[in-house]
Amino acid sequence: MNILIFNEYRHEKQEEAVRKIYPNGIHGARADLFRADGHTVKTVTLDDENCGIDRDVLEWADVLFWWGHIAHREVPDEVAALVRDAVLNGMGFVGLHSAHNSKPFRLLMGTACSLRWRSVSKERIWTVSPGHPIAQGVPQQFVLEQEEMYGEYFNIPTPDELVFLGWFSGGEVFRSGVTYRRGLGKVFYFQPGHEGFPTFYDPTIQTILRNAAAWAGRTCRGNVLDCPHTKALEEA
Ligand code: ZN
């Protein structure tokens with residue numbers, strides 16, 4: 001599978017504590033995981049020209065993983081629109097953690113995608129769709145000792161499928177793993193992954209990321225963006 005990983009890559013450059021956890025960037029940790037599985041991986045970052053994203057690389061990608069946080073606004077609108085169009089034409093999109101507020105995810109959802117948040121909480125994640133492909137090999141529930149609390153109301157469209165439900169030690173709950181179909185493509189949003197915690201090294205999280213790539217990965221290539229005029233197949 002061809003996996004494209006976009007990372008904002010600002011926290012790791014600016015904060016020693018984050019760099020210590022992810023010395024090769026948050027994108028590096030995920031690239032290592034997918035390369036070890038035999039996938040072809042390309043990583044791009046916000047500071048690359050046009051975020052390193054153009055039509056060709058989106059055509060190449062079977063699935064795009066997106067992590068961004070403090071600089072969503074610096075992603076050009078044109079890049080976000082290209083990503084949306086690529087999903088409509090069959091590419092998979094996996095939005096991680098603060099990507100809830102990213103331009104491509106908001107374009108794909110059509111809603112504000114706002115939520116409540118508070119840093120450092122224990123999170124217990126419940127698998128509420130155990131039969132879903134993204135939940136295979138994932139226990140009924142598991143704990144992340146440190147995560148950022150994301151709480152309801154999460155202003156997303158009603159998901160096609162709710163796969164994971166998060167509970168936080170402050171009492172909040174959150175729809176932590178949700179899926180959508182948009183055009184020919186599939187979208188998965190997954191809430192864990194705050195930059196200050198080693199979430200992406202957690203074996204259960206890694207299982208979910210692998211499953212997400214396999215589930216969301218492109219199954220077809222098409223063009224749903226045109227509205228061609230067509231001739232009748234037979235006389236009326
Ligand atoms: Zn965060």
Side-chain angles (χ1 to χ4, degrees), residues 5-33 43-47 51 64-75 80 83 93-109 111-126 134 142-156 159 162-178 187-209 212:
I5 296 176
F6 170 85
N7 181 19
E8 187 177 277
Y9 201 27
R10 289 281 170 86
H11 288 286
E12 301 95 318
K13 288 178 182 168
Q14 294 167 4
E15 297 168 47
E16 175 67 25
V18 178
R19 197 158 52 241
K20 263 191 179 155
I21 300 170
Y22 296 109
N24 299 316
I26 293 173
H27 53 301
R30 272 173 294 127
D32 291 346
L33 175 76
T43 61
V44 293
T45 67
L46 182 61
D47 290 330
C51 302
L64 166 59
F65 281 74
W66 194 282
W67 195 103
H69 183 214
I70 47 174
H72 294 309
R73 280 188 210 145
E74 293 180 42
V75 173
V83 170
F93 181 90
V94 178
L96 296 171
H97 188 58
S98 36
H100 74 89
N101 226 6
S102 65
K103 284 185 182 179
F105 184 67
R106 291 174 67 180
L107 270 184
L108 286 161
M109 295 297 105
T111 56
C113 301
S114 51
L115 45 74
R116 292 161 194 274
W117 66 279
R118 182 179 64 246
S119 69
V120 199
S121 181
K122 181 172 95 172
E123 179 175 12
R124 189 179 296 276
I125 296 179
W126 288 89
I134 298 176
F142 64 99
V143 170
L144 298 169
E145 289 299 337
Q146 287 190 308
E147 244 311 325
E148 191 167 46
M149 188 285 291
Y150 276 9
E152 298 284 343
Y153 174 57
F154 186 17
N155 182 219
I156 46 174
L162 176 61
V163 186
F164 301 110
L165 190 65
W167 169 89
F168 294 87
S169 50
E172 296 87 356
V173 293
F174 191 72
R175 288 169 287 173
S176 291
V178 293
V187 176
F188 178 56
Y189 170 78
F190 191 48
Q191 159 265 316
H194 184 65
E195 70 277 0
F197 310 127
T199 304
F200 290 119
Y201 299 116
D202 181 281
T204 306
I205 296 294
Q206 292 185 340
T207 296
I208 293 169
L209 294 177

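Note that the coordinates shown come from a computational prediction; the quantities given were computed from them, not determined experimentally. Atoms within a ligand are numbered from 1 in the order they appear, just like the ligands themselves.
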**Prompt:** Are E152 and R175 ion-paired here, with the side-chain N under 4.0 Å from a carboxylate O?
**Reply:** yes

**Asked** Any ion pair linking R118 and E172 (charged N to carboxylate O, less than 4.0 Å)?
**Response** yes

**Request:** Using ring pair (Phe, Tyr, Trp, His ring centres under 6.0 Å) as the criterion, point out the one residue from F105, Y150, F190, W66 that pairs with H97.
**Result:** Y150

**Message:** Is E195 close enough to the Zn ion (ligand 1) that one of its N, O or S atoms comes in under 2.8 Å?
**Reply:** no

**Prompt:** Below 2.8 Å, any N, O or S contact between H97 and the Zn ion (ligand 1)?
**Reply:** yes

**Message:** Between the Zn ion (ligand 1) and H194, which N, O or S atom of the residue is the nearest one?
**Reply:** ND1

**Asked** So which of the N, O or S atoms of E148 lies nearest the Zn ion (ligand 1)?
**Response** OE1

**Prompt:** Under 30°, 30 to 60°, or over 60°: which ring-plane class applies to Y189 and F174, parallel, tilted or perpendicular?
**Reply:** perpendicular

